[in-house]
Amino acid sequence: MSPMYFSFTSAFILGLMGLAFNRSHLLSALLCLEGMMLTLFIATAIWSMTLNSTSSSIIPMILLTFSACEASAGLAILVAASRSHGSDKLQNLNLLQC
């Protein structure tokens with residue numbers, strides 16, 4: 001495994017571990033998800049550059065678009081949760097209370 005692939009894999013796994021083990025605030029979970037999406041974006045961009053084909057060059061842009069939509073939806077949920085519950089702690093959020 002080359003050092004580049006190892007660094008992308010370790011960055012993705014660190015984001016996944018941060019999402020799994022540090023679930024106290026919604027903002028930290030959103031930051032971990034954003035780190036994972038940026039790692040995937042960089043990996044697919046480098047992968048499409050090494051293939052030298054025009055058909056696979058659109059995949060990183062689609063992933064970046066989905067990442068922006070995920071970030072905006074997550075921030076909207078964060079604002080709504082902090083306005084209604086007073087904080088962004090995940091323990092205070094209960095779907096059955098809505």
Side-chain angles (χ1 to χ4, degrees):
M1 181 181 287
S2 70
M4 183 176 63
Y5 293 126
F6 177 72
S7 64
F8 289 141
T9 304
S10 63
F12 185 81
I13 288 175
L14 279 174
L16 188 64
M17 285 175 49
L19 184 63
F21 295 132
N22 191 13
R23 297 186 315 176
S24 60
H25 293 278
L26 183 60
L27 186 61
S28 64
L30 289 175
L31 284 173
C32 289
L33 279 175
E34 194 65 29
M36 290 167 56
M37 289 299 286
L38 286 175
T39 303
L40 285 176
F41 169 71
I42 293 170
T44 55
I46 290 176
W47 174 69
S48 68
M49 285 179 9
T50 57
L51 286 180
N52 290 331
S53 74
T54 58
S55 64
S56 66
S57 64
I58 194 69
I59 294 171
M61 296 308 265
I62 292 171
L63 187 66
L64 191 62
T65 304
F66 284 138
S67 176
C69 293
E70 174 259 332
S72 66
L75 286 177
I77 290 171
L78 177 70
V79 168
S82 64
R83 283 185 181 173
S84 65
H85 295 290
S87 71
D88 68 333
K89 289 185 78 75
L90 289 176
Q91 294 171 351
N92 296 339
L93 302 177
N94 189 0
L95 290 177
L96 298 177
Q97 280 182 332
C98 296

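- Closest heavy-atom contact between Cys69 and Ser72: O-OG, 2.9 Å.
- Within the structure, the side-chain hydrogen bond (donor to acceptor under 3.5 Å, both in side chains) test picks out the following pairs touching residues 34-46 (sequence neighbours left out): Glu34-Ser67.
- In terms of heavy-atom proximity, Leu16 sits nearest to Met36 at N-SD, 3.6 Å.
- Residue Leu40 is grouped with residue Tyr5 when hydrophobic side chains (ILVMFWY) are merged at heavy-atom distances under 4.5 angstrom, including chains of intermediate members.
- Heavy atoms of other residues, nucleotides or ligands lying less than 6.0 angstrom from CE of Met61 number 12 at most.
- By the rule that hydrophobic residues join a cluster once side-chain heavy atoms approach within less than 4.5 Å of another member, Leu64 and Phe8 end up as members of one cluster.
- Here the closest non-hydrogen pair linking Gly18 and Cys32 is C-SG, 3.6 Å.
- By the 4.5 Å heavy-atom criterion applied to side chains, Pro60 and Ser48 are counted as neighbours.
- Across Leu75, Ile77, Leu31, a single residue satisfies side chain to side chain contact (heavy atoms under 4.5 Å, CB included) together with Leu26, and that is Ile77.
- Clustering ILVMFWY residues whenever any of their side-chain heavy atoms sit less than 4.5 angstrom apart, transitively, puts Ile42 in the very cluster that holds Leu63.
- Met37 places none of its side-chain heavy atoms less than 4.5 Å from the side chain of Leu33.
- Atom CG of Leu14 and atom CG of Leu19 lie 12.5 Å apart (nearest 0.5 Å).
- Tracing side-chain contacts under 4.5 Å through hydrophobic residues (I, L, V, M, F, W, Y), one reaches Met4 starting from Phe12; they form part of the same cluster.
- With hydrophobic clusters built from ILVMFWY side chains whose heavy atoms lie under 4.5 angstrom apart, Phe6 shares a cluster with Phe41.
- Between atom NZ of residue Lys89 and atom OG of residue Ser82 there is a gap of 14.0 Å, rounded to the nearest 0.5 Å.
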